[in-house]
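A note on names: the letters A, B, ... follow the listed sequences, proteins ahead of strands, and every chain is numbered from 1.
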Amino acid sequence: MNTLKISLLAFALISTQSFVNTDSLPEASVIVKNTNQRDDGQFLTQTTTLELIDKRGRKKIQVAKSFRKYYGKDKAQAFFYQSPTNIRGTAFLTFDYVEKEDNRWLYLPALRKTRRISGSEKGDYFLGTDLTYEDVNLGSKISETDYHHKVMGTEVIDGRKCYVLENIPKTDKLKKELKYGKTKSWVDAEIWMVRKSEFWDVQGNFLKTLHIQDIKKIDGIWTAATLHVKNHKTQHQTYFRFSDIDYKTPIDDGLFTEESLVNGI
Amino acid sequence: MKKMQIKTRSTALLVLLLSVQNVLGQDTQPSSWKERLHFGLISEIDMAYEFKGQKLQKSEFIFKPELAYKFNKKVKVVGRGRIYAELSDNLDPGEPSQLSVSDFNKRLLIGDRTEVELRELYVHARVWKTINLRIGKQQIVWGETDGLKLLDVINPQYFREFILDDFEDSRIPLWSVKAEFPIRKLKVQLLWMPDQTYHSLIDPAAPFFPKSVFPVPPPGIQTALGPPGKPNDIVRDSDVGIKLSALIKGWDITANYLYYYDDFPVFYNSLSWLSTGEPLITINPKYERHHLLGATFNKPIKFVTLRGEVGYTLDQNFASTDPSAPMGIVQSDQLGSAIGLDVIKGENIISAQVFANYLIRDVPAFNRDRVEWNVSLLLSREFMNDSFKAEAIWVHSTNHGDGMLRPKLSYWLSSNVQVLLSGDIFYGNEEQLFGQFTDRSRVSTGFVWGI
């Protein structure tokens, strides 16, 4: 009888260990901190190609030149559409502040006007893609302020060991704002970069998968060259492909102005 | 006089060339000419069917080529053209008048149905690190309002389709100079518009001729239209403007001043007697200068953006209903104001605006009240990752009870092909601004292809 008890106990321990070896895992806060402290350069200039594919496989391709600059922890980003011709000139400017409400402007060439748009809807979809403004804003980082994090174990993604984090919005209000009930992040255990994310809607339905691909070092900074997002509800997909990535060339403050949106690049 | 104008033009051109040459050599990008050159073409087909007339109201074929060349990060040249053909020759029948257009700005008319126009041609340069300079033919837009204009008066407009055409297409670009630079946290925009082009009015027989803005002489009295009193001195008669803008505690604020010629002439009347003893009213249109003082603001509050605009015009002349008004004209300052709310929730947009236009003096102006109120409402929703859009715009005059409703559906077939289906429904008293076009209500279908 004792032998049976010991065997069951041993089996239980081994089983638990095979799923979640929590003793050897870092704290969730450490993973989040390391991920967010990863250098992503003060400046970034790149060409973004958006490939939007609907459930019937019909593709829309849009190309934009994008710029990002950090001012301490605050961040300015500008996005200028280059093609197709029908939307060329459309431009988008955001200032993401840590301490205050974000600022966003959208320039529509058909109106020749810059429109101030409210910045509080984190869960709105970004320019017809399958990522929300908040997803785009975070990039390959993890929000510390909006979620409670829990380490679920490790898994291998694209041949690399990753920590699996479960992220639950801290309040129901945040759930509604983010439009997520839960997310999961797979963080590369060596370079501290998110390689994959999964998202569930507020009702708990599996919503979408983000796969971060073609990760390589550019100008000494780990960089993702492709993001693939698939929305499992709508079967719509978006590829974000980044090229001409440049972290070194300083970006003039004058680029992050309303006038710059109107004047174009 | 002609020689002097040519000399002034040559000097302006020289200044333009020198400014460009000065920065051309700077900050050259190590890219090939192919990367620096952009060519694009937008082709549009737009057909409208008029319910009342049971006929094709328009059949437009429009080609908009665009060429841009970036010399380096600081200098680019942009040119945009437009080939426009209205095959039913209905919107502005016969050869369109270009009386109100300057010599530099005239369209090339090919028969009655086709025209070729240089829409824009400008050099944009960033000089002395912080000054953005744009010289050439361009559109400059002020203001926060949609649909109805208060401060957006820098460029004149072609009223071929009343205000149904996109402002981008109906606005007439002007040869002008725009300079922008910061002074600490204040941003300054300086404007100089030497181009004496004004609103293009259409043939009185055209479907969208705005007869509600012109007083009708008493029956049986003959009228004669004199030549328009149009400014012609490129320097003395040019328009100038300044806009100061700043972001203060989240409020985006501008202060504007424009010294300009109103794009609508004032119609002075004089009564004389013919040799037959019959009375004759001679109408002499004259373009007049004004000072316009304005301001705009906007601020997002949660998911709502609040925006507003005011414009104060000094000493504006209006056609009068008072037969004893000297030359048929009365004068007052005019205050225009608008406030708008934009609510953006996901793919839904609700945008509401209230416009109030107030005559400071209580004068008997033709076909308007002392305070004119208009409201507008835009409802819009995007579906299928922004591929499909449904929207409706409603504009209503609360004083006169007339207005227009514009539902529209648009769908992106691919990256660069869009199809459109829309309606333009006017209602109200036919003597009022919108109501006069009740019989012009229509359904339209369009196709836009970009390469």
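Listed for the A/K170 side chain is a donor-acceptor partner under 3.5 Å among the backbone atoms of A/T145. Between the side chain of B/E309 and the main chain of B/T145, a donor-acceptor pair closer than 3.5 Å is present. At least one donor-acceptor pair closer than 3.5 Å links the side chain of A/K208 to the backbone N or O of A/D130. A side-chain donor-acceptor contact under 3.5 Å links A/T234 to the backbone of A/H236. B/D386 places a side-chain N or O within 3.5 Å of a backbone atom of A/G128 that can act as its donor or acceptor partner. Without hydrogens or angle criteria, A/K60 side chain to B/W412 main chain gives no donor-acceptor distance under 3.5 Å.
A search for salt bridge (Lys or Arg N to Asp or Glu O under 4.0 Å) contacts involving A/E259 returns B/K187, not counting sequence neighbours.
Checked for salt-bridge contact, B/E66 and B/K64 miss the test: no charged N lies under 4.0 Å from a carboxylate O.
In this structure, the portion of A/K59 lying under 4.5 Å from any heavy atom of chain B is its backbone and not its side chain. Residue A/N231: no heavy atom, backbone or side chain, is found under 4.5 Å from chain B. Contact of A/R58 with chain B is made through the side chain alone, with heavy-atom distances under 4.5 Å. For a residue to count as touching a neighbouring chain, one of its non-hydrogen atoms must lie under 4.5 Å from one of that chain's; by this rule A/S260 does not touch chain B. Contacts between B/E382 and chain A at a heavy-atom distance below 4.5 Å are absent for every atom of the residue. Neither the backbone nor the side chain of B/T130 comes within contact range of chain A; no heavy atoms are under 4.5 Å apart. The contact between B/I344 and chain A is made by backbone and side chain atoms together, counting heavy-atom distances below 4.5 Å. Heavy-atom distances place the side chain of B/N132, and not its backbone, under 4.5 Å from chain A. The contact between A/L127 and chain B is made entirely by backbone atoms, counting heavy-atom distances below 4.5 Å.
No cation-pi contact links A/R88 to A/Y81, judged by a cut-off of 6.0 Å to the six-membered ring centre and 45° from its axis.
Heavy-atom neighbours of chain A within the stretch residues 147-156 of chain B, taken at a separation under 4.5 angstrom, are nonexistent. For a heavy-atom cut-off of 4.5 Å, chain B lies close to no residue in residues 40-52 of chain A.
Contacts with chain A were tallied for B/D342, B/D166, B/L247; B/L247 has the most, counting heavy-atom pairs under 4.5 Å. For the set B/L413, B/I140, B/V141, the entry with the most heavy-atom pairs within less than 4.5 Å of chain A is B/V141. Chain A forms more heavy-atom pairs under 4.5 Å with one residue of B/V78, B/D252, B/I42 than with any other, namely B/D252. Highest contact tally toward chain B, considering only A/I61, A/T85, A/D54, is held by A/T85 [criterion: heavy-atom pairs under 4.5 Å]. Of the listed residues (B/P182, B/G40, B/G346), the one with the most heavy-atom contacts under 4.5 Å to chain A is B/G346. For the set A/E258, A/Q62, A/K100, the count of heavy-atom pairs under 4.5 angstrom toward chain B peaks at A/E258.
In this structure, B/L420 and B/Q418 approach most closely via the heavy-atom pair CD2-CD, 4.1 Å. Considering all non-hydrogen atoms of both residues, A/A76 and A/F95 come closest at CB-CE2, 3.5 Å. B/R82 approaches B/D169 most closely through the heavy-atom pair NH1-O, 3.0 Å. Taking every heavy atom of both residues into account, B/G250 and A/R116 meet most closely at O-NH2, 2.9 Å.
A/D135 and A/Y180 are linked by a side-chain donor-acceptor pair at a separation below 3.5 angstrom, with hydrogens and angles left out of the test. For the residue pair A/S197/A/T183, the side-chain donor-acceptor check at 3.5 Å is not satisfied.
Residue pairs meeting the salt bridge (Lys or Arg N to Asp or Glu O under 4.0 Å) criterion with at least one member in residues 136-146 of chain B, sequence neighbours excluded, are A/R115-B/D146, B/D146-B/R307.
Residues B/Y411 and B/F383 keep their aromatic ring centres 6.0 Å or farther apart.
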